[in-house]
> 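My questions all concern the structure below.
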Amino acid sequence: MIAFVSGPVAALAPTTAVIEVGGVGMAVQCAPGTLAGLRVGQEARLATSLVVREDSLTLYGFVDDDERQVFELLQTASGVGPRLAQAMLAVHSPDALRIAVSTGDEKALTAVPGIGKKGAQKLLLELKDRLGEPVGAAGRQGVGSAVSASWSDQLHAALIGLGYATREADDAVDLVTPQAEAALAEGARPPVPLLLRAALQSLNRTR
């Protein structure tokens, strides 16, 4: 297993970072929040999880070991593959997921694209004794407004990290704000991965 990769960031894409390790470019699948903290040419260290399939080897990257551990634990639930597990961590921090599961918070799970009400109920049952207790101060505050309040900052930073100018990033965030506000109005968290995809589509149309 590849536990982590460390080296300069060679390239960034909407879902992938390429980290140069010993002269080899390692393509690592990352959530928008992780990509937002990376810059081409700067050193980076990502905790990683290698997912092996019959026809592929995919490396997923995370900001720390705790996020990687939760990613792997989420996949012990039936119906949860690596993409859905990564989407859950794109919307919620590890501690926020622990609190959501321990308190039976269906709404927090249905905020993740691809999880409906029945799926959330099933996940709450299966994950109840698997994720453990919150480990950080942020988690003890509960599934609060931290992610919701910072969705625009996450999105803006991700766009800048992908090479867009500040003005382009500002305009793209403005364009997807109605989608984020609609999610907030329903008591859900803005789905940053979907907002990033919509923002990139709008930028590609205007270029």
Side-chain angles (χ1 to χ4, degrees), residues 1-5 9 11-19 26-38 44-101 105 108-116 119-120 122-124 126-127 130-132 135-136 138-139 143 146-148 150-151 153-155 157-159 161-162 176 180 183 188-200:
M1 176 182 174
I2 301 174
F4 70 90
V5 295
V9 179
L12 292 171
T15 60
T16 308
V18 178
I19 309 297
M26 305 285 286
V28 186
Q29 296 288 316
C30 301
T34 304
L35 291 170
L38 304 177
R45 183 187 188 280
L46 296 175
T48 57
S49 178
L50 181 63
V51 176
V52 180
R53 296 286 185 266
E54 289 185 4
D55 58 348
S56 67
L57 295 172
T58 306
L59 200 60
Y60 289 84
F62 310 93
V63 294
D64 56 31
D65 292 337
D66 183 45
E67 194 170 85
R68 177 189 61 197
Q69 182 181 24
V70 171
F71 170 79
E72 293 172 348
L73 288 172
L74 289 172
Q75 293 176 73
T76 64
S78 59
V80 178
R83 292 187 181 278
L84 183 55
Q86 189 179 57
M88 294 171 75
L89 285 165
V91 176
H92 300 297
S93 69
D95 273 351
L97 282 172
R98 291 184 178 106
I99 291 174
V101 170
D105 189 351
L109 295 187
T110 56
V112 178
I115 298 181
K122 185 177 180 181
L123 285 172
L124 289 173
E126 292 194 29
L127 294 171
R130 299 183 190 180
L131 297 186
V135 298
V143 186
V147 174
S148 297
S150 65
W151 72 266
D153 293 335
Q154 289 184 39
L155 182 57
L159 292 169
L162 290 171
V176 301
R189 297 173 184 274
V192 175
L194 294 184
L195 293 174
L196 177 60
R197 190 175 305 136
L200 290 170

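Please read all numbers here as calculations on a predicted model, not as lab measurements. Reckoned from all heavy atoms, side chains included, excluding hydrogens, waters and symmetry mates.
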> For Thr48 versus Gly61, what's the shortest heavy-atom pair and its separation?
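Closest approach of Thr48 to Gly61, heavy atoms only: CG2-CA, 4.3 Å.
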
> Atom CG in Leu84, atom CD1 in Ile115: separation rounded to 0.5 Å?
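Rounded to the nearest 0.5 Å, the CG-CD1 separation comes out at 4.5 Å.
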
> Nearest 0.5 Å, what's the CG-CG distance between Asp65 and Leu46?
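Result: 11.0 Å between the selected atoms.
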
> Would you say the side chain of Leu155 lies within less than 4.5 Å of the side chain of Pro32, judging by non-hydrogen atoms?
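No, too far: nothing below the 4.5 Å cut-off.
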
> To the nearest 0.5 Å, what is the distance between OG1 (Thr16) and CG (Leu59)?
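With rounding to 0.5 Å, OG1 (Thr16) is 10.5 Å from CG (Leu59).
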
> Walk me through whether Arg98 and Asp95 qualify under side-chain contact (heavy atoms from CB on, under 4.5 Å).
CA-CA 5 Å; Arg98 291 184 178 106; Asp95 273 351; 2.7 Å; yes

> Please say whether the positively charged group of Arg45, taken as NZ for Lys or CZ for Arg, lies over the ring of Phe4, i.e. under 6.0 angstrom from the six-membered ring centre and within 45 degrees of the axis.
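Yes, Arg45 and Phe4 form such a contact.
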
> What heavy-atom pair brings Ala44 and Ile19 nearest, and what distance separates the two atoms?
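Nearest heavy atoms, Ala44 then Ile19: CB-CD1, 4.3 Å.
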
> Determine the minimum heavy-atom distance between Ser78 and Lys122, stating which atoms define it.
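Result for this residue pair: OG-CE, 3.1 Å.
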
> Please check if atom CZ in Arg130 has more than 12 non-hydrogen atoms from other residues, nucleotides or ligands closer than 6.0 Å.
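Enclosed: over 12 neighbouring heavy atoms sit under 6.0 Å from CZ of Arg130.
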
> Verify the distance criterion only: is there a donor paired with an acceptor across the side chains of Arg53 and Thr58 at less than 3.5 Å?
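Side chains of Arg53 and Thr58: no pair found under 3.5 Å.
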
> Under the criterion side-chain contact (heavy atoms from CB on, under 4.5 Å), I'd like the reasoning laid out for Val51 against Gln29: C-alpha separation, chi angles, the key distance, then a yes or no.
CA-CA 11 Å; Val51 176; Gln29 296 288 316; over 6 Å; no

> Tell me the closest heavy-atom pair linking His92 and Ala108, and the distance in Å.
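Closest approach of His92 to Ala108, heavy atoms only: NE2-O, 2.5 Å.
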
> Atom CG of Leu74 and atom CG of Leu123: how far apart are they, to the nearest 0.5 Å?
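Here the rounded value is 8.0 Å.
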
> What do the steps show when you test Asp105 against Ile99 for side-chain contact (heavy atoms from CB on, under 4.5 Å), and what is the final call?
CA-CA 8 Å; Asp105 189 351; Ile99 291 174; over 6 Å; no

> Does Met88 form a side-chain contact (heavy atoms from CB on, under 4.5 Å) with Leu109? I'd like the steps, not just the answer.
CA-CA 8 Å; Met88 294 171 75; Leu109 295 187; 4.1 Å; yes

> Do you know which of Arg68, Gln69, Glu72 makes side chain to side chain donor-acceptor pair (under 3.5 Å) with Ser49?
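Of all the options given, the one that passes is Glu72.
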
> Between Glu67 (side chain) and Ser93 (backbone), is there a donor-acceptor pair under 3.5 Å?
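No.
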
> Taking all non-hydrogen atoms of both residues, which atom of Pro14 and which atom of Leu196 are closest, and how far apart?
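Closest approach of Pro14 to Leu196, heavy atoms only: O-CD2, 3.8 Å.
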
> Looking only at non-hydrogen atoms, find the nearest pair between Leu35 and Ala13 and report the distance.
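Here Leu35 and Ala13 meet closest at CD1-O, 3.5 Å.
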
> How long is the gap from CZ on Phe71 to OH on Tyr60, to the nearest 0.5 Å?
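Nearest 0.5 Å value for the CZ-OH distance: 5.5 Å.
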
> Just verifying a value: how many Å separate Leu127 CG and Leu97 CG, rounded to the nearest 0.5 Å?
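Answer for the CG-CG pair, Leu127 versus Leu97, is 8.5 Å.
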
